[in-house]
Each structure stands twice: as structure tokens, then as C-alpha cells.
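What you see is a predicted model, and the numbers here were worked out from it, not measured in a lab. All chains are named by letter (A, B, ...) in the order of the sequence lines, taking the proteins before the strands, and each is independently numbered beginning at 1.
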Amino acid sequence: MTNSLINYTLHLADTTLILSQRNSEWCGHGPILEQDIAITNISLDLLGQARNFYQYAAALKNDGSTEDSLAYLRTEREFKNLLLVEQQNGDWGQTILRQYFFSQYQLLLFQQLQQHSDEQLAAIATKAIKETTYHVRWSSEWVIRLGDGTDESHNRMLHAIDELWRYCGELFEAADYETAMGIDLTSIKQTWTEKVTAVFDEAKLPVPQNVFMQSGGKKGVHTEQLGYILTELQYLQRTYPGAKW
Amino acid sequence: MTNSLINYTLHLADTTLILSQRNSEWCGHGPILEQDIAITNISLDLLGQARNFYQYAAALKNDGSTEDSLAYLRTEREFKNLLLVEQQNGDWGQTILRQYFFSQYQLLLFQQLQQHSDEQLAAIATKAIKETTYHVRWSSEWVIRLGDGTDESHNRMLHAIDELWRYCGELFEAADYETAMGIDLTSIKQTWTEKVTAVFDEAKLPVPQNVFMQSGGKKGVHTEQLGYILTELQYLQRTYPGAKW
Amino acid sequence: MSVHDLENTFQRKIDEEVKIEPKDWMPEAYRKTNLRQISQHAHSEIVGMLPEGNWISRAPSLKRKAILLAKVQDEAGHGLYLYCAAETLGMSREQMIDDLHSGKAKYSSIFNYPTLTWADMGAIGWLVDGAAILNQVMLCRTSYGPYARAMVRICKEESFHQRQGFESLLVLSKGTPEQKAMCQDAINRWWWPSLMMFGPKDSESTNSDQSMKWKIKRKTNDELRQQFVDMCVEQVKLLGMTLPDPHLKWNEARGHYDFGEIDWNEFWNVVKGNGPCNKQRLDARRKAHEEGRWVREAAAAHAEKQKIKAAKDNLAAA
Amino acid sequence: MSVHDLENTFQRKIDEEVKIEPKDWMPEAYRKTNLRQISQHAHSEIVGMLPEGNWISRAPSLKRKAILLAKVQDEAGHGLYLYCAAETLGMSREQMIDDLHSGKAKYSSIFNYPTLTWADMGAIGWLVDGAAILNQVMLCRTSYGPYARAMVRICKEESFHQRQGFESLLVLSKGTPEQKAMCQDAINRWWWPSLMMFGPKDSESTNSDQSMKWKIKRKTNDELRQQFVDMCVEQVKLLGMTLPDPHLKWNEARGHYDFGEIDWNEFWNVVKGNGPCNKQRLDARRKAHEEGRWVREAAAAHAEKQKIKAAKDNLAAA
């Protein structure tokens, strides 16, 4: 049980960290100042969640691990983040679509985790519900704004869907540790699909059918993206082992 | 004297390594298969030169340093490469222009080094003359082809000149260790300017006047580019210290 | 009222520390000076996100990453307050941004220097924010109301940033030999540019007299610079580091530290556009603006569609 | 000569191991099959540069970086030989590339897998090049002259690559615990996809009979696959590693190793376009082609200008 709990917590931590890292690439480069602030804010929120999860995982491992040793000293095959969050930012449309797909899922997941028997996970989830609700609202509004904006924005959203949809299946494919933790991804999938369909409908965007889904992230088999993210993220800790910052 | 020799050799090594690294980013992404091969070939040549210089520097330091410890375990402020070679590839025009600026300079430098009292530097330079002559020919032909090709290619070359010219001054600004080594950059600058002017003339490209020149690379004060190059280059050695590959 | 009366009323408000508000009459030169200063301050906040944003992905601990993200986000927020304050003086944000991108409007030269190591983050917090704070505390009492109020909000956050920057250097100064060297190196590279943040010597500063009279500026360049030096000389002792100025020396008679001559060549060169990162900073801002165009256009188009839809729904309901 | 006579002459050449050359008469199906196979082989070399090119910047030593660069460069060269050989059969390189980008033409599915660690470089050299070599040695005796000659040149270099790949794994296998684990992990991920390189089982392979008759293909899929398994089972012992197949077992009666069933679902899925990297590989090739358009156009424009200038000079000289 504990192994599954640790792995699951690491999955949650890695996922939020990597998405935070990707979003933070926009800092200073956003399309509008207010949105630069918003995406950085979301990045901060996700980082805060990641830190909570890493700290919990470190406590569970009880072997000297810290939030930093877990984030900075593990390698690609040990990371358990979703493939979706390691994908490149692409344009603004791709970034907010990735956020919407993820946050819609995360909100439903956190709502479920609030009831989980593991009190710490439940507490972290509870703490994060309010900001995640905002993430869903902010990103879904952007999906609609861009899907039903100009021809150009609509086409860019079609392209973004083509890039990202194939990574949405993994959200609902339970890894062994998720099953062991009793996470019900089936009901989450159903609600997620309904919500996404409704938003896409308002955004005048088509919901893809019959797309083959990629997976592997939850088990440490990533795309070629993650390695590069880690070279930047981990460089200083690798270069100055044991130093305090 | 030895300190200057070591620093100068490291400057030569770092410069060729970083340019090799930049060029190799094109591998598999070049505009024409034959040019993919050519740029990869140049990358290999430069890497070969870098290895010769690093191996010599390691021998001079005589403190357990190896070509790999020098390339993989020094940090940004210790690297002495020219600012020119750490700049981004940009488009094909910017890449071949960077190559031309550098190779034209390197050929003149190597011709001078062939006569240097340090036999090893002279030997390395001699060995590299033939391939460097080819680099000059290959890149200058591309400058002409693109400068006097289509309107689009001409404009892209103008943009490339705007990006890179400001880094050409540093080629001829002697660092202390270059002066100590008796390198005559003044005569190199004169010939370089004549050659570049002739090529630009044939390419129907304007030679910029009165551009403020950036420098610092030879002294370890780089642009914000180098740090990122090193996170990728050095990651595995930093992650697995002491391992053999 | 005659112009002469208006001018008298205006100057009396200033002398009596009554804030000038957007709807008040003001001399054209006062409006222009404030607009230039406030918008350039806003540009500085935005451009200033870039050298620090450069180290977010490589921050060496999750805590430092969070602190840095929050700092840069605050700076964006400051830019927002300041653009809003500047807009009250009659120029649109779009126009201000165009002026920045065309080179017509300036931003603080300090951001034209590259951030080369992690320690630069601490050095920027300590020295750059430190210098900015001296300027800004003064500006909290500036005569133009919207500017003063924006500055009060900003000052609160900047003090926090400066303390975190210093704390980050303190940790390095107690760390490994490499970290100590990294700390000293960053201080060596950021010290003189920070002194340059206070602008030219008073004797060569063109705008000063009128700005002092209108209480846009409340202390001179040299006064602020001296205050900064005096403060930093004490603070650097806590780090066990040195400032890269062999001429730093307590002058008993003046009651201040003497310090070396700034390289004014470098100062003017960077102001003129020849600093290490001038091109990169503006290229980055222009690129963000250009690549964001389709996003802004789509948002506007969508908003328009919503308006039309709402109008239709109203008609239908009526 | 009647078609019947032409066909007889053609088949007799093949039976007597006389190469078919570009100017020879050949059945349309023979021409098409060779064109498809050679061009797809060329595409494979080019696309194959991508998974390996992915580790050039991160190669863990200068020597390994040089070896990898040289390998990828060789592959580009192989692609060049093969495109030239294919062009002799009546299709331009431009058209072949368009077919690749449109999805009409295939390339070896093995390259649709991601390279996730440095050890993947060694695994690809050992297993993927190893499998390719078995195919290619056979092709050195293929009936179409230009293809056979290209393959002879290619085989020389590929053997070298395979040895370097194996040697790279050998070093890992004698290294730190992390390196050993990295080595085993890469073998685990690349083993089954390498077996899939030999294609469907003979019983389900559509092209085989005619290809065997025309000596385009000289051994069956299953024959080659068995040869590969037998070889690798011995080689993996030298690494002190295991192959991820619990059913591997020497079969005395057959004189070969029995091995487990390939996941044909995965095989067909990847062929159909659903592998982990299918999209990325084609996107990268299309992008390179698109972004290179202005370069090719400029080169052509310049060449044209040179021609005109030369013609003028000739006239002037006359």
C-alpha cells in the first residue's frame, strides 16, 4: 500500500511540477500583460501543489528524501508525470488548451481526493480546489474565446487539438498504483468528456473521435520532451551536489 | 607563459566545441539532404579540433584533467569561447553567415599559428588547415548564393548580418593571454575585412559601418545563450559523476 | 481663469503637498514629463521581467523557483499599475508599447545586462531592487496622485523582494567555495551598473530642476546614489563579500563613503543602445507583442460577438 | 521482341544472377516494387537520423559525441545513395519526399519509438542496426544493380556502427549500477520493436513470393528474424544482460532459439501511424522541408543568374 501511495503522490507531484515548468516559460513573453500575470499565477499555484505532494512523498519515504531531492535528483525514467504536461507550449492556444484539458481533469480528481482515506492527500486536494476551479474557468474561457474568435484563432485551436488530444487518454488509464489507491478514473472520464464537449460546443470546436491515445508517462516511459526539461530544471543541483540554496 | 598558453588553448577549444554543438542542432533538420551532410561534417571537423585543443590543454595542466573534464565540468564563467559561436542558429542564412565569419577568421588564425613557436598548437593548426579552407569555401559560397538569390533570401541575410555583425569585433580584440602568446590579430583583422568585403560585394550585401561591438566571451563573460547550451551538453556527466562512457 | 492663475493654483497645490489628479489643470510640460517618466517606469518593470525570467527554469530549489516566479509576477503587476497611471495622462497603452518597441521610449538601462549565474538573482534583488527602492520611496510622495498611489503599492512589494534577494546571497555566502565565488562574481558584475541606475551626475542632468520644482523628483541623482553606496557598504559586510571599488573609503568630514568614478562611457553607451542585451530585450518584447497579435484580435472579435449576441437577446426578450 | 520474350529474358538474367540495370526492360511491377522499397529504405535512413540526432547535444563524452555525429552523417549519406538509386527508376526525389510527407510512402517503423536515455544509442546500434544489417547483407545481392551497389557501400559502414553501438553498451554494462540499469532498460524497450523490423510473419506477408522470385528479397521475414534472435541471444551474454522474453529457449531439434510471440497489435498500430513518435517524426521532416524552401529557391535562383551571366560572358567573348 505504501509503495502505491508513494508512487501515486510522486505522480501527482511530477505532473504539477512539469506543467508549472512549462507554463513558466511564458513569463515575460505572454500575448497580453494581464495574461502574462495569469499564466505565471497558474504556474505558481501548480508549483505550490507540487511542493505539497513532494513534501508528502518525502515524508512517506522517510529515507532522507526532500522535496528538492525528489524533484532535482531523479531521472527521466523515474518521473511519473502525464505525457500531456511535458508537451511543448506551442502557441497561446495550445498552452491554454493543455491547461483546460488538465485542469478540468484535475478539478474532478481533487474533488474525489477530498474524500480519500489518506488524510494528507485529501488535505492537499482541499487546499487546491479553489485555485483549480479558477484554472478551469480561466482556461475554458480562453478555449471559447479562441475557438470562437477569428478564423485564425479557430484554426490554431484545431491545430492545438490535433497536437494534444492524443495525450488525453492517459488521464483516464489507471496505472497500478492508481488502482491500488482506489482512484475511480472511469467516472472522472465521463464527467470530463461531458464538460469538454460542452466547452468545445460553445467554442465551436469539434470533439475528435477515434484518436489513438498515447500513454506511458505514469510508468516513466516519456516522450522525447521530458529529458530536455530536466536538463534545465536539474542543472544547478547536479552541478553543485549537496549545496544549499 | 604557461598560464597564458593554457588559457589560450582553452579559448580555442571552447570556441570550436560550442560552434560544433550549435551546428549539430541542424542534424536531421537541414534544408537539403546534401547540406545536412555538409553542416554535420563541419560540426565533426570542429569537434575534432576541439578535442585536439582540449587534450593539449589537459596535458599542459597536468593535474588529472582530461578532454572530458574540461568540456563537461567547467561552468559558464570559465568558458572562453567567442560570443559569436554561442549565438542561436536562427535560419539557414544566419547559420552559414556565422560559419563564414568564423571560418574566414579561423583560417587566417591557423595560418598564423602554423608558424607559432608552440609546436603543438602549430601542429593542430596545420592539421586543420585543409578542412578550414573547405569551411571558408562552403560558407562563402552560401553567403553569395543567399545574398544574391531571391528577395527573400537577401532580406534574411540582411537580418542575419544585423544579428551577428556586432559579435565580429571580439574576434580581433586581444585578450591578455592572446597578447602574451604573441597572436597578431591586427593583421588578421585587416585581411578578414578585405575578404569579407569581397564576398559581401559578390553577394550584393552591405558591409555594416560603425556598429558597436560586443565582447566578453574570451574573458568568460557571456551572453545569456551559453548557460543553456551547457545544461544540455553537460547533463549526463553532471548526473553520473565519475562514470565512464 | 487666466493661464497665469491656473499656473499659480497648480504650483500652490504642489507646494502644499496636495496631489495633482487627472482632472486637474496642469502645464503641458508637467503632463509630458510625468507621462514619460511613468510609462518608462512601466516599461522598466516589464523589460525587467526578462533578465530574471531567464533563471526561472533553472532555479536551484523549488522554494527559490517559487520566490522568483512570485517576484517576476509582482513586476508584471507593477507594470500594470503604472501603465494604468500613465494612461490617465492621455496616452493609450498600445501607443506606449509602440514607443517602447520603436526605441522612442526608454526603460531602465540596468536590464540591458545579462544574468549569467544564479547568484545574479540575489544580486539583482539586493542591488537593483535596492537602488530602485531608494528612487521609489521618494516617488511615493510625488505630486501626481495616480503615480504616488501606484508607487505606494509597489514599494511594499519591492522591499520584500530586496530582502529575499539579500537572503539568497547570504545563503550563498555561507555555502560551498563555488557558491561563495559565484556570489562575489555576481556582485562584481552588478555593482557599477546599479550605481548607474541613479543616472548622470547632477551637474550633467538636464531634467532635474523643473522636476524638483514640480516635486516629480524629490532628491537629486547624486543624493540618492550616495545614500545607496552608504547603505550597501554596510550590508556587504554581512555577506563577507567586497564591493569592486578600491576607492571606497569612509570620509569623516562628509559623513559619507567616498567612492570611485563611474565609467560614464559605459553608462552612455548602454543608454544609447549598445549594452550587452539591449537588442535581445527589445527583440523579446517585440516578438511577444507580434506573436500575441492574433490572440488579442481573437479576444476582441469574441467580445464583439458576445456584445452582438447580448443585444440580440435583449431585443428578443423585449 | 514480344512482351513474352522480354519477360523471359528478364527472368533468365535474374536466374543467372545478372544485374538488372536502369536501361533494361523490366516488368512494371518489378519497377514499382523496387522503387517503393528503395525509396522507403531511403526515407528510413533520413527519418532514422532523428531518434539518434536527439542525443547528439547530450552525448556524455566528446568521443561518443563524435561517434554519434559520424553515424548520423553516414545515415544521411546512405539516404542520398538510395534516393539516387531510386531516381533511376523514374521518380524524382521531390516526388518521393512529397509521398513521405503525405503519408503515402512508409519508412521503417522502428524509428517511431522515442530515444529516452543515452543507452538507447547503444541499443539502436546493436539491435536496430543489427537487424538492418541482416536485411541489407541480403540486399547486396539483390537483382537491381543500382540498389545492390548502394547496399554494398552502405553495409560496410553499418557493420562499423553496429560494433560501436555494442561497444557503447559494453562500457555501460561494466559501469556504475545506474549505467547497468540504463543499459538493461534500453534493451528491454528496444528488443521487441527490433524483432518487428523483420515484418509480419511469412504466413501473413503479402509481397513475399514475387519478391523472392525476382530476387528483390532473398530470405523470408521469419528466416531473418530467427537468424537475428540466435545471434542476439549469444551477444547479450557478453553484456551480462537479459533479453526481455521469458520464452527464449534453445530448441535442439530446430537448432535455433525458440522465442515468444510478438505483440502484433502493437506492430500494426505503429505501422498504421499510432506509434509514440510517428507524428513527431513526420512533423520534423515536413518542418525541415518547409522551412528549407526559401533556401532551395534561393539556390536555384542564384544558379539561374550564374547561367545567364555565363551565357552573356560567352557572347561578349565571341
Hey, are B:Gln225 and B:Gln87 close enough side-chain-wise for a donor-acceptor pair under 3.5 Å?
-> no
Close side-chain approach of B:Leu84 and B:Arg98, heavy atoms under 4.5 Å = yes
Check whether any side-chain heavy atom of D:Lys71 lies under 4.5 Å from a side-chain heavy atom of D:Met121, and answer yes or no.
-> no
Pick one of side chain, backbone, both or neither for D:Leu62, based on which atoms fall under 4.5 Å of a heavy atom in chain B.
-> both
Nearest-0.5 Å distance, CD of residue D:Glu157 to CG of residue D:Asp74 | 4.0 Å
Go through D:Gly48, D:Gly122, D:Ala288 and name the one with the most non-hydrogen pairs under 4.5 angstrom from chain B.
-> D:Ala288
Measure distances from D:Lys174 to the heavy atoms of chain B and classify the residue's part below 4.5 Å as side chain, backbone, both or neither.
-> neither
Can you tell me if D:Gln95 and D:Asp99 form a side-chain donor-acceptor pair at under 3.5 Å?
-> yes
So which bits of residues 64-80 of chain B come within less than 4.5 Å of chain D, counting non-hydrogen atoms only?
-> B:Glu67, B:Asp68, B:Ala71, B:Tyr72
Among D:Thr176, D:Val47, D:Leu80, which has the most heavy-atom pairs under 4.5 Å with chain B?
-> D:Leu80
Below 4.5 Å from any heavy atom of chain D, which atoms of B:Gln21 appear? Answer side chain, backbone, both or neither.
-> side chain
Evaluate the criterion ring pair (Phe, Tyr, Trp, His ring centres under 6.0 Å) for residue pair B:Trp26 and B:Trp92; output intermediate values, then yes/no.
-> CA-CA 9 Å; B:Trp26 277 104; B:Trp92 186 251; 5.1 Å; yes
Could D:Arg293 and D:Glu290 be called an ion pair, given the rule that one side-chain N must be under 4.0 Å from one carboxylate O?
-> yes
Kindly compute the distance separating CH2 (B:Trp138) from CD (B:Gln35), expressed to the nearest 0.5 Å.
-> 6.0 Å
Out of D:Arg58, D:Lys305, D:His302, D:Arg296, which one racks up the most heavy-atom pairs below 4.5 Å with chain B?
-> D:His302
Contact listing (chain D partner; residues 142-161 of chain B; heavy atom under 4.5 Å) = B:Trp142, B:Ile144, B:Arg145, B:Leu146, B:Asp148, B:Gly149, B:Thr150, B:Glu152, B:Ser153, B:Arg156
Check whether more than 12 heavy atoms from other residues, nucleotides or ligands sit under 6.0 Å from atom CZ of D:Phe160, and answer yes or no.
-> no
Within residues 118-129 of chain B, the residues sitting under 4.5 Å from chain D by heavy atom, in sequence order, are none
Return the orientation label for the D:Trp118 and D:Trp55 ring planes: parallel under 30°, perpendicular over 60°, tilted otherwise.
-> perpendicular
Chain D contact via B:Leu33 - which portion, at a heavy-atom distance below 4.5 Å = both
More than 12 foreign heavy atoms under 6.0 Å from CZ of D:Arg286: is that the case here?
-> yes
Check: D:Thr117/D:Asp120 side-chain N/O donor and acceptor closer than 3.5 Å = yes
Measure the shortest side-chain to side-chain distance between B:Leu47 and B:Leu17 over non-hydrogen atoms and say whether it is less than 4.5 angstrom.
-> yes
Toward chain B, the part of D:Ile46 with a non-hydrogen atom under 4.5 Å | side chain
Given that the side chain runs from C-beta out, which part of B:Ile37 has a heavy atom under 4.5 Å from chain D: side chain, backbone, both or neither?
-> both
For D:Arg281, enumerate each residue passing the side-chain hydrogen bond (donor to acceptor under 3.5 Å, both in side chains) test, keeping only those at least two apart in sequence or located in another chain.
-> A:Glu224
